[in-house]
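All remarks here apply to the structure that follows.
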Amino acid sequence: MPPAPLIEAEGLSRRHGRREVLRGVSFTLAPDQVLGLLGVNGAGKSTLLRILADVLAPDAGRLRIAGAELGADPRAARTRIGWLPERAPLYPELTVTESLAFAARLRGLGGAAARSAVKRAVERCALGEVRHRLCGNLSRGFAQRAGLAQAIVHEPPVLLLDEPTAGLDPLQAQRFHELLTTLKSGRAIVLSSHQLAEVQAGCDLAAVLHAGVLDAPAPPGDGRALSQRFMALALGSAA
């Protein structure tokens with residue numbers, strides 16, 4: 001019997017004023033799966049991720065996170081989500097360890113449990129050499145790792161990443177993806193990107209979001225079919 005989905009989105013829609021940003025988005029994602037969300041700038045990727053993270057509410061549709069209905073039981077759903085926006089939400093005046101401890105407390109961890117969670121996140125994200133450094137003094141690569149550590153400090157089954165390698169150099173991006181590989185087990189991960197190669201290399205499934213409509217997730221394969229899907233939608237919009 002296949003495992004129950006960790007993300008179940010059904011008919012998610014959202015408007016910004018008169019503009020329909022998302023229209024009837026539906027998909028499911030199981031444990032051990034990474035979904036690459038492709039789209040040009042303005043396609044609605046960040047809006048969809050914010051809805052999945054419960055930062056924005058959909059105008060229509062239903063969303064279940066690890067069995068919890070987001071609208072009916074938002075607190076339970078939020079404890080099962082790890083969220084990394086495009087810019088890691090770090091307080092520059094806190095050290096990395098202090099920032100992680102604060103994130104752990106926000107997720108309901110305290111005392112020995114919080115200390116253990118912080119230590120584990122530091123080790124998993126290879127932050128040992130900068131754990132006492134102020135977040136405001138981190139390089140872009142370390143800042144993204146610290147943001148990821150914050151997102152996983154409470155061991156959520158769902159991880160949402162909004163263009164996590166934007167602004168990283170190739171080596172930093174490679175290390176970030178190697179780290180994600182170690183975090184995949186037992187989790188459902190949604191990663192937004194506008195880079196076909198990144199999705200092909202690091203994702204089990206890929207879906208193109210265009211003008212607020214998401215096509216069916218499918219394995220990226222050798223990349224040719226995915227590139228054709230992506231370019232057909234993008235060029236069709238420009239025509």
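Scope of the values below: all heavy atoms of this structure, side chains included, with no hydrogens, waters or symmetry mates.
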Subject >> Non-hydrogen atoms of Thr182 and Arg124 that approach each other most closely >> reply: O-NH2, 3.7 Å
Could you go through residues 32-44 and list every donor-acceptor pair under 3.5 Å that involves a side-chain atom there, pairing it with any protein atom two or more places apart or in another chain?
residue, atom, partner, partner atom, Å
Asp32, OD1, Gly186, N, 2.4
Gln33, OE1, Ala30, N, 2.9

**OP:** Flag the pair Arg80 / Pro157 as yes when at least one side-chain heavy-atom distance between them is below 4.5 Å, and no otherwise.
**Re:** yes
Original post:
Between Gln150 and Ser99, do the side chains contain an N or O donor and an N or O acceptor separated by less than 3.5 Å?
Top reply: yes
Subject >> Salt bridge present between Glu155 and Arg187 (N-O < 4.0 angstrom) >> reply: yes
**OP:** Could you list all the side chain to side chain donor-acceptor pair (under 3.5 Å) pairs where at least one residue sits in residues 190-199, not counting sequence neighbours?
**Re:** Asp162-Ser192, Glu163-His194, Thr165-Glu198, His177-Glu198, Ser193-Glu198
Subject >> Salt-bridge criterion met for Asp54 and Arg78 (N-O under 4.0 Å) >> reply: yes
Original post:
At their closest point, which heavy atom of Leu52 faces which heavy atom of Ile7, and how far apart are they?
Top reply: CD2-CG2, 4.3 Å
Subject >> 4.5 Å side-chain heavy-atom contact, Pro156 and Ile81 >> reply: no
Original post:
How far apart are the closest heavy atoms of Leu49 and Leu161, and which atoms are they?
Top reply: CD1-O, 3.6 Å
**OP:** Test salt bridge (Lys or Arg N to Asp or Glu O under 4.0 Å) on Asp204 and Lys184 and set out the steps.
**Re:** CA-CA 11 Å; Asp204 305 291; Lys184 174 182 167 181; 2.9 Å; yes
Original post:
Mind checking what makes side-chain contact (heavy atoms from CB on, under 4.5 Å) contact with Val130, not counting sequence neighbours?
Top reply: Val96, Leu127, Arg133, Leu138, Phe142
Original post:
Does a side-chain N-to-carboxylate-O contact under 4.0 Å join Glu123 and Arg120?
Top reply: no
**OP:** Determine the minimum heavy-atom distance between Ala9 and Leu12, stating which atoms define it.
**Re:** CB-CD1, 3.7 Å
Original post:
Is there a salt bridge (Lys or Arg N to Asp or Glu O under 4.0 Å) between Arg175 and Glu178 once you walk through the steps?
Top reply: CA-CA 5 Å; Arg175 287 174 174 168; Glu178 289 170 352; 5.9 Å; no
Subject >> From Leu205 atom CG to Leu29 atom CG, the distance as rounded to the nearest 0.5 Å >> reply: 6.5 Å
